Structure formats: C-alpha cells, structure tokens
2 protein chains.
Amino acid sequence: MTDAEETAETYDPSRYERPSVTVDVVIFTLIDRELHVLLVRRKRWPYEGYWAIPGGFVQMHESLEDAARRELEEETGVRDIYIEQLYTFGDPNRDPRTRVISVAYFALVRADRQRLRVSEESIDVRWFPVRAAPSPLAFDHDRILAMALVRLRSKLEYTTLAFELLPEVFSILELKHIYEQIFGEKLDKGNFYRKIKDAGVLEETGLLREGRGRPTRLYRFRRDRGDGQFVFRWREARIDAGESHERDLSSS
Amino acid sequence: MTDAEETAETYDPSRYERPSVTVDVVIFTLIDRELHVLLVRRKRWPYEGYWAIPGGFVQMHESLEDAARRELEEETGVRDIYIEQLYTFGDPNRDPRTRVISVAYFALVRADRQRLRVSEESIDVRWFPVRAAPSPLAFDHDRILAMALVRLRSKLEYTTLAFELLPEVFSILELKHIYEQIFGEKLDKGNFYRKIKDAGVLEETGLLREGRGRPTRLYRFRRDRGDGQFVFRWREARIDAGESHERDLSSS
DNA sequence: TCAATAGTGTCTTTGAGACACTATCCG
DNA sequence: CGGATAGTGTCTCAAAGACACTATTGA
C-alpha cells in the first residue's frame with residue numbers, strides 16, 4: 001500500500017503475498033443421549049492418519065458462512081441447521097504446508113437425520129463422544145474443539161440452543177438430560193420443571209410416550225415465542241458466551 | 001485437493017486462488033468521561049475520503065493478534081493493551097478491489113497515553129465520540145463498529161474490562177460513570193458501591209482527590225485477585241458476550 | 001402390592017434494586 | 001450555616017436452590 005495513485009484500474013492484488021483461508025466446522029449432535037462430535041481421518045500429509053475437524057478451503061465466490069454450510073453438507077448431508085462462527089485461528093505455523101488461516105464454525109445437528117459420507121480427502125468419518133475423542137487431533141484442532149465446547153456450554157445457559165439437539169417432540173426430562181450432559185452436572189428436577197415452564201417456550205402436544213413408569217408428556221419448542229434464539233435464560237451466564245447475532249446489533 | 005500423492009515436496013500452494021486477509025482494530029478510549037472510537041480517513045480508492053476502522057494486511061510471518069497489535073501501535077503508538085478478537089467478516093463483495101477477509105479485533109486504551117499518527121494510507125486520524133461517529137463508514141465498517149459496541153457492553157457486565165479504560169488510580173464514582181456511559185443507563189449509587197466493594201477487586205490507595213464537595217477516596221484495581229479478567233460479575237449478563245480466553249479453555 | 005418413572009409444592013436463602021439517610025468538604 | 005459532592009444503611013421483592021411430596025403407569 002505505498003502507491004499514491006491507486007484506482008480500480010491500477011490496483012493489483014497480486015502484489016501482496018496471501019495466506020490460504022479455510023473454514024473448519026465443529027459439528028455436534030446427540031447420540032444415545034450423549035454429546036458427540038464429528039471428526040474425519042486424514043488421508044494425506046500433513047497429519048496423515050490423524051483425526052481432524054472437517055473443513056476446507058473457502059472458494060472465492062462464497063461467504064464464510066456459505067463455505068461452512070457447504071462443508072457441513074458435504075460431510076453430513078445436512079442443510080438448514082444451526083451454525084455460528086466460533087473464532088479465527090491464524091498462527092503462522094499451524095499448518096506446515098503454507099500459511100493457513102482458519103475460520104472455525106460450530107454447528108448443531110439433530111440426533112435423527114444425518115447421513116455421513118467419506119469425502120475426497122478422508123479415509124474415515126465418525127461420530128465420537130466428546131468425552132472420548134481422540135487426542136491429539138491434527139493441526140491445532142484440539143484447541144478448536146475445546147473452544148467449541150466452552151462456547152456450547154456457555155450458550156446453553158442463556159439461549160434455547162439445546163432445542164437444536166432434540167427431535168421435533170421431546171419430554172422435559174430429556175431436555176434436562178441434555179443440559180446435564182453438556183454442563184457435566186446434575187440439575188434439580190423440580191427447579192428445572194419450574195424454570196422451563198415459566199419460560200413459556202414449550203408447546204404441549206398432547207402426546208404421551210409410554211415407558212416403564214408413568215407416561216411422559218411430550219412437548220414441542222415454540223419457535224414463534226420471544227426473539228427466536230434468546231428466549232429464556234436458563235441461569236446466570238458464565239464466562240465465555242458466543243458472539244452476537246444480527247438481531248442484537250439492531251438494538252445498539 | 002484432488003491429488004492423491006501429495007507430500008511436502010509436491011504440495012503446491014499456488015494452485016488455489018486466495019483471498020487477501022486483513023485485520024481491522026476497533027479502538028476505544030475514554031476522553032472527557034465519554035467513550036470514543038478511533039477512525040482513519042481514507043486517502044485512496046475505494047471509499048476515498050470515507051472514515052474507516054484502522055486496519056491493514058496480515059503479513060505472512062505474524063499471527064493475527066500480532067498483526068492487530070502492530071496496527072494498533074502504528075495508529076496510536078500504544079502497546080501492551082487489552083485486545084481481543086471480535087469476529088471475522090468475509091462477504092465476497094465487501095471490498096471492490098478483490099476478495100478480502102477481515103479479522104476484526106477490539107481494543108481498549110487508557111484515557112491518558114495515546115499519541116495519534118497519520119499513517120501512509122490515511123489523510124486524517126481522529127477520536128470520535130461513539131454517539132457521534134460518522135456514518136456510513138467505509139466498507140462494512142458500520143457493522144463492525146456496531147458489533148464491537150455490543151461486545152463491549154456485554155463484557156462489561158461480567159468482567160473487569162472497565163478498568164482498562166481508567167487511569168491507574170480512580171474513584172468508585174468514576175468507575176460507575178464508565179458503566180453508565182457504556183450501558184447508556186443510570187445506575188444506583190448505593191448498589192454500585194455495595195457491589196464493587198463486595199467484589200473485592202479494589203485496593204485502597206489511601207489517596208484522596210479534592211474537589212468541590214467532600215474529597216474522593218481513590219482506588220487501584222487489584223490485578224492479582226481472582227482469575228484475572230473475570231473477577232466479578234457486575235450483573236447478570238445479557239445477550240452477546242465475547243469469545244473465551246485461554247484461561248477458560250483450560251477448565252474444559 | 002411395589003418398583004419405576006413423571007411431575008408438583010413449599011421453604012429458605014440470596015441478591016438486585018429502590019431510596020432515604022449520613023459525612024465531609026468549601027465558602 | 002447551605003450547597004455540593006461522597007459514601008452508608010435498610011427494606012422489599014423476586015429468583016434460585018434444596019428437598020419433600022404426590023401421581024400414574026406396569027408387573
């Protein structure tokens with residue numbers, strides 16, 4: 001940027017050396033009532049044979065979020081799912097090939113409908129329980145995963161994100177189980193019932209599910225209520241928390 | 001990524017078209033008890049003559065945060081200041097020159113010691129009260145600024161970030177004034193005294209500052225206390241909030 | 001009947017907020 | 001003394017947590 005007479009005609013982008021830019025997507029789901037993360041096994045150097053967070057290069061024509069959604073769909077066949085930007089990792093030597101800056105996203109997909117595909121660059125794709133994920137992962141992906149978990153925990157505390165992990169129809173105690181899974185602590189049943197009902201985010205379906213004991217009432221998430229994602233505060237938020245959403249910006 | 005026999009020797013990074021990567025730094029300070037943001041006036045196309053958030057290209061050898069600190073120092077002469085990553089903006093057409101992905105940071109500098117310099121690419125640098133910043137800014141910088149403000153407000157609610165805006169020694173009511181400035185609402189004096197003292201983050205200096213009425217007791221921020229930044233929760237956190245810090249990752 | 005699971009009621013403690021009060025300076 | 005600014009005390013109300021209780025099924 002030393003040229004004093006730069007215009008549309010004279011500007012030459014090739015003058016500056018450029019890093020590569022990738023998106024990596026940390027994809028969580030709930031399988032057998034336990035939180036899982038999707039990892040791919042690398043086929044090639046570098047980190048050949050290591051498990052990694054799925055990702056790929058950003059195309060010149062697509063936005064970062066589009067790139068993240070494309071990766072997500074390539075790996076799981078899932079579209080229209082919750083996704084948000086997590087953090088951008090850009091240490092100069094995080095990838096031995098060249099300078100690579102990676103914009104990390106995290107996504108939540110419902111327990112039911114994913115269909116995994118092994119992509120070109122991988123020899124395997126698998127869901128791992130987050131408590132039993134392989135370590136170390138390729139590149140700085142351990143750090144990315146750790147950060148995604150912090151963000152996920154944090155957001156559950158003040159958003160309705162947990163619903164993104166549940167099927168269409170669910171019981172209150174199933175919802176409670178998700179919170180316990182992700183927070184790693186037991187919650188009081190009575191208090192949970194009280195809070196979730198006071199929040200007014202549930203719609204009674206009238207359905208029951210039979211089990212061993214008393215049948216369970218089933219609910220649906222009321223997407224119409226409140227401001228969408230930030231409908232109720234489960235409890236006082238802790239550290240971290242995610243970056244804002246568009247709707248928050250409008251209030252400033 | 002279709003070559004099956006890729007190794008360190010055969011890998012050719014030039015095969016993929018690459019975006020440019022910049023860092024933009026939203027720099028806040030407190031001048032005359034009011035929150036200000038630093039903007040630069042562009043000398044060249046595109047957006048010639050528009051005010052913009054200072055930033056520049058990331059060099060191949062430096063990390064993103066190093067680049068942000070370098071920009072900060074180039075513009076204000078300030079080093080060793082609070083800085084954190086905000087969000088990465090990467091819409092394909094946000095810059096007419098070429099595909100530019102911008103990693104935004106936000107920084108807080110103390111009221112006292114900045115010394116502005118007009119850099120190569122600018123014709124002016126100025127502090128603007130955030131409530132009277134020019135609009136529109138160049139590129140998508142309005143959006144970046146809005147996001148930085150949301151993040152700043154959010155973080156004040158559960159961190160001790162406000163101290164970064166104050167001089168070494170300050171009074172409790174000065175601190176209260178910062179919160180009021182940034183939240184845009186009046187706080188109760190009694191409740192503020194109670195909370196801030198219970199938090200145990202202040203160290204009495206024994207100093208007094210004389211004024212028109214009763215002299216003010218002056219305090220220092222106890223940097224040793226608690227877990228550094230996240231020492232006390234001013235009040236229940238609202239929406240947004242920033243991404244986590246390293247120390248949070250270690251607990252997961 | 002009991003085991004198993006679902007769901008409710010209530011007491012106590014904590015902390016946020018409102019607001020009135022007291023303290024110490026200058027003139 | 002009064003005006004100005006600093007700093008404290010106290011009451012109320014709402015939400016969070018602990019925990020005991022009741023409900024409804026199948027075997």
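All figures in this text were calculated on a predicted structure; none of them were measured in a lab. Just so it is clear: chains get the letters A, B, ... in the order the sequence lines come, proteins before strands, and each one is counted from 1.
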Nearest-Å distance, [atom1] ([X]) to [atom2] ([N])?
X: A/L173; N: C/dG7; atom1: CG; atom2: P; value: 6 Å
X: B/Y219; N: D/dA6; atom1: OH; atom2: C1'; value: 10 Å
X: B/E185; N: C/dA18; atom1: CD; atom2: C1'; value: 14 Å
X: A/R217; N: C/dT5; atom1: CZ; atom2: P; value: 18 Å
X: B/F192; N: D/dA6; atom1: CZ; atom2: P; value: 13 Å
X: B/K195; N: C/dA16; atom1: NZ; atom2: C1'; value: 6 Å
X: B/N191; N: C/dT14; atom1: CG; atom2: P; value: 18 Å
X: A/K186; N: D/dA18; atom1: NZ; atom2: P; value: 13 Å

### Query
Is a side-chain donor-acceptor pair under 3.5 Å present for B/Y82 with B/E84?
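Yes - a donor-acceptor pair under 3.5 Å links their side chains.
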### Task
Ignoring hydrogens and angles, state whether a donor on the side chain of A/D91 or B/S63 is under 3.5 Å from an acceptor on the partner side chain.
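No donor-acceptor contact under 3.5 Å links the two side chains.
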### Query
So which one's nearest nucleotide on DNA chain C is more toward 5', A/R194 or B/R194?
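Its nucleotide being nearer the 5' end, the pick is A/R194.
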### Message
Checking B/R126 now: which residues fulfil side-chain hydrogen bond (donor to acceptor under 3.5 Å, both in side chains) with it, not counting sequence neighbours?
### Response
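Counting only residues at least two positions away or on another chain, B/R126 forms no side-chain hydrogen bond (donor to acceptor under 3.5 Å, both in side chains).
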### Message
My understanding is that only residues two or more places apart in sequence, or in another chain, count here; which of them pass side-chain hydrogen bond (donor to acceptor under 3.5 Å, both in side chains) with B/R41?
### Response
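For B/R41 there are no side-chain hydrogen bond (donor to acceptor under 3.5 Å, both in side chains) partners, ignoring immediate neighbours.
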### Query
Taking OP1 and OP2 of C/dT8, is either one under 4.0 Å from a side-chain nitrogen or oxygen of A/Y193?
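For A/Y193, the contact criterion (side-chain N or O under 4.0 Å from OP1 or OP2 of C/dT8) is not met.
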### Message
Can you tell me if B/K197 touches the phosphate of D/dG7, counting only side-chain N or O atoms and a distance under 4.0 Å to OP1 or OP2?
### Response
no
### Task
Sugar-phosphate atoms are those with a prime plus P, OP1 and OP2; base atoms are the rest. Using that split, label each nucleotide of nucleotides 20-27 of chain D B, S or - for protein heavy atoms under 4.0 Å, 5' to 3'.
---BBBS-
#### Entry: Counterpart residues, ring-ring contact (aromatic ring centres under 6.0 Å, His included), relative to B/F170 (two or more places apart)
B/F163
### Pairwise salt bridge (charged side-chain N to carboxylate O under 4.0 Å, His left out) hits with a residue in residues 173-183 of chain A, at least two apart
A/E174-A/R209, A/K176-A/E180, A/E180-A/K186
### Query
Can you name the residues that form a side-chain contact (heavy atoms from CB on, under 4.5 Å) with B/T88, not counting sequence neighbours?
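Partners of B/T88 under the side-chain contact (heavy atoms from CB on, under 4.5 Å) test: A/L64, A/Q85, A/T88, A/V103, B/Q85, B/I101, B/V103.
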### Task
For A/I172, report the nucleic acid contact type (base, sugar-phosphate, nothing); a contact means any heavy atom under 4.0 Å.
nothing
